[in-house]
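Written out below as structure tokens is the structure these notes cover.
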Amino acid sequence: MNEIVAYRTLDGDYSDDNIQGSKPIKKFSEDALNIMRHDMAHILAEAVISLFPTAKPTIGPFIKNGFYYDFDIERSLNEEDINKIESKMSEILKEGRGFDKKIISKNEALKIFKGNSYKIDLIENIKDKKLTLYEQKNFIDLCKGPHHQNTSEYDAHFKIINISGAYWRGISTNKMLQRIYATAWFSKKDLENHLKNIEEAKERNHRKLGTEMGLFLLTEFSAGNVFWKANGLTLYSNITNYIREEQRKLNYFEVKTPELVSNELWVKSGHWDNFKENMFTTETDNKTFALKPMNCPCHIVLFNSELITYKDLPLRYSEFGKCHRYEPSGALNGLFRVRGFTMDDAHIFCTEDQIYEVCNETSTLIEKIYKEFGFTKVKYNISTRPEKSIGSDEDWENAEVQLKKVLSDSGKIFNILEGEGAFYGPKIEFTLEDSLGREWQCGTIQIDFNLPSRLGAKYKDKNDDNKTPIMIHRALVGSLERFIAIILENTNGWLPLLITPIQLAILPISEKFADYCNELNIKINHKIRSIVDDSDNKLGYKIRSSVAKKIPYTLVIGEKEIESGNFTLRNKSGENKIINNIESLIDFFE
RNA sequence: GCCUUCGUAGCUCAGUGGUAGAGCACUUGCUUGGUAAGUAAGGGGUCGGAAGUUCAAUUCUUCUCGGAGGCACCA
């Protein structure tokens, strides 16, 4: 039997043809899995067509963990339909299907797909004169392939995951189609494992953890805005305090600027023209105000209020700035995407020559903070000059070279996203990977050649001439709200000791020891975020309850401890550590 | 914003065209217990909101608000 499924070309595409430089794709490899998933998309399409003969198939690629197929179907599919489709797919697989490749002309293709306007659209947009079809027993699809010869070459284990809407060609003015998402694997075990991972991710959902740990509330009274509870605010403050200390070491000036700002500033900055639709506005005293969607113009207002000389540069303004952006209702997503969020923002004013120094210190800071909060896998992207941009060639060239140098000097491997920079300057983006393998773009360093001159920022150089500074926008974790969600899901609520809202639960074995515990709590709670559970419950119950609240340590206090003066510190897994006195206990948490 | 779907007690969720139920939590009593649920009793809900159909709506219909999963969007 043939052990080669298809080929992988030099540019990474899959192909049936062994073009020069291609690598063979072996059976059951990762690439073969993708091809199998694409096979399954065709099987799905056959199943759907057999159950809904008027349905028009459109496109159906493989994706991470599975595949989808978009259909135009007269009525919307329900749970029952899904079950039927799954059964039908199983039937088809039992019979087995071969995928026969046919090369035909455009005209022939137009004839074959004449009832399907979507396929016609695709065919008309294909440049080649010849195109390929893959034909199976009861279904034929326009498809560049490749496919396995026959489904009998493997066991496919699949499951339909969900149905959703998706615009034809991804354009929101086009018709919305029905997208069927499914997952597929070569073994039952892989499938089950994947389904288990989905369950695991649900268990770790930050909304669930937020409720269990008493962190925050999301309510209809302000969709997209967070009500922080005491524990959540403790967490939030612990993060900002840590960042604040680190910034202080780097000579930042922390500032606070208004949330409500006259549109005069937004008109000047250009935000009014470009982003008015995404800003919350209000009319008061016949003037228009907007909630700030970002902090930069406000920081330039501060910069302009003083006489700044070259001796003051680099000048670093930081702000935990509360920003508001109107996000479409469908975009809101727990703490991940909100309408009111706090940026750990800073704007650093400097000269061209200082770009390297500033970006280097910022990059180091970002690394340090990610590490402290438990993220060690970081990816780096540099986005370069787009077609539509402002600023001189020299400025762009200089800035891009310096950004690249910052990363390469510290031994980082990075991607270059050509032309992906903002119109006002290039940027570095920091993406971290969490324990479930998901990636989150958090930190960013952006050079700005535009806004300082637009808002008239000036400093005096050595010759007493007015110069326009370069401004560097910089965020470390990005939105604090979003970062808290990421860190919660990454740790499943077992937050780093530094930031966890409650570090220690003191558990008296019985009421008799409650006073001792409360006194102990008073002695330590200026250094340790501790609570006493003096409820009338048994020890086992109290332990269970503190574990459920994700409190990392407990101290069990009974006759033994009081007599010996020792403390037994229990961690979440039930391991004990003997501590001799209060000082050592405090040291442990510091 | 669009598609699908959901909204019942503090939390997780059952259920019904005749105004509701469980577990956990909570309160009280008993229990004073040594490492993940001791025990009994009790309180608690305009069934997201509005309108409509009906003798009767939490249940059906429409609108609206909010959530979830996607799509689009994300300076």
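Numbers restart at 1 for each chain; the letters A, B, ... are given by sequence-line order, proteins then strands.
Put simply, CD on A:E79 is 20 Å from P on B:rA68, counting in whole angstrom units. In this structure, the NZ atom of A:K549 is 11 Å from the C1' atom of B:rA25, given to the nearest Å. Rounded to whole angstrom, the span from the CD atom of A:E212 across to the P atom of B:rA25 amounts to 14 Å. Between the C1' atom of B:rC3 and the CD1 atom of A:I73 lies a distance of 13 Å, rounded to the nearest Å. Across the protein-nucleic acid pair, A:Y68 atom OH and B:rU4 atom C1' stand 17 Å apart, rounded to whole Å. In this entry the distance linking CG of A:L217 with C1' of B:rG67 reads 13 Å, nearest Å. Straight-line distance from the NZ atom of A:K175 to the P atom of B:rU4: 12 Å, rounded to whole Å. We find that CG of A:N65 is positioned 16 Å from C1' of B:rG69, with the value rounded to whole Å.
B:rU5 and B:rG38: their C1' atoms are spaced 42 Å apart (whole Å). B:rU12 and B:rG17 are spaced 26 Å apart, taking the P atom of each and rounding to whole Å. With P as the reference atom, B:rG70 and B:rG21 are 37 Å apart, rounded to whole Å. B:rG43 and B:rU28: their P atoms are spaced 15 Å apart (whole Å). Here, B:rA68 and B:rU35 have their P atoms 42 Å apart, quoted to the whole Å. Rounded to whole Å, the C1' atom of B:rC47 lies 24 Å from the corresponding atom of B:rU4. B:rU58 and B:rU19 have their C1' atoms separated by 8 Å, with the value rounded to a whole Å. Taking the P atoms as reference points, B:rA40 lies 10 Å from B:rC24, given to the whole Å.
A donor-acceptor contact shorter than 3.5 Å links the side chain of A:R474 to the backbone of A:D344. Listed for the A:D434 side chain is a donor-acceptor partner under 3.5 Å among the backbone atoms of A:R438. No donor-acceptor distance shorter than 3.5 angstrom exists from the side chain of A:Q503 to the backbone of A:P552, with no hydrogens or angles considered. One N or O on the side chain of A:Y370 and one on the backbone of A:G443 form a donor-acceptor pair closer than 3.5 Å. Under a 3.5 Å cut-off, the side chain of A:E400 and the backbone N or O of A:R385 do form a donor-acceptor pair.
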For each nucleotide in nucleotides 6-11 of chain B, reading 5' to 3', give B when a protein heavy atom comes within less than 4.0 Å of its base, S when such contact involves only the sugar-phosphate, and - otherwise.
------
With B for base contact, S for sugar-phosphate-only contact and - for none (protein heavy atoms under 4.0 Å), nucleotides 33-38 of chain B reads BBBBBS
Within the 4.0 Å limit for protein heavy atoms, which parts of nucleotides 70-75 of chain B are touched? Write it as a string from 5' to 3', B for base, S for sugar-phosphate only, - for none.
BBBBBB
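Tested against A:N205, the residues A:K208, A:E203, A:R207, A:K202 include a single side chain to side chain donor-acceptor pair (under 3.5 Å) partner, A:R207.
Side-chain contact annotation: A:N231 with A:T234, donor-acceptor N/O pair under 3.5 Å absent. For A:Y317 and A:T257, the side-chain atoms include no donor-acceptor pair closer than 3.5 Å. Using a 3.5 Å distance cut-off with no hydrogens or angles, the side chains of A:K560 and A:T568 do not pair a donor with an acceptor.
Taking each heavy atom of A:I531 and A:N521 in turn, the nearest pair found is N-OD1, 4.2 Å.
By the neighbour-count criterion of 12 heavy atoms within 6.0 Å, atom NZ of A:K379 is sparsely surrounded, having that number or fewer from other residues, nucleotides or ligands.
Close placement of the A:F336 and A:W440 rings is indicated, their centers lying within 6.0 Å of each other. Under the 6.0 Å cut-off for aromatic ring centres, A:Y69 and A:F67 do not qualify, their centroids lying 6.0 Å or more apart.
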In dot-bracket form, how is RNA chain B paired, counting a Watson-Crick or G-U wobble pair only if both its distances are under 3.5 Å and using | for bases paired to another strand?
(((((((..((((....[..)))).(((((.......))))).....(((((..]....))))))))))))....
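Here A:F227 pairs with nothing under the ring-ring contact (aromatic ring centres under 6.0 Å, His included) rule; sequence neighbours left out.
For the salt bridge (Lys or Arg N to Asp or Glu O under 4.0 Å) condition, the pairs that include at least one residue of residues 57-79 of chain A, sequence neighbours left out, are A:D70-A:R179, A:D72-A:K175, A:R75-A:D81.
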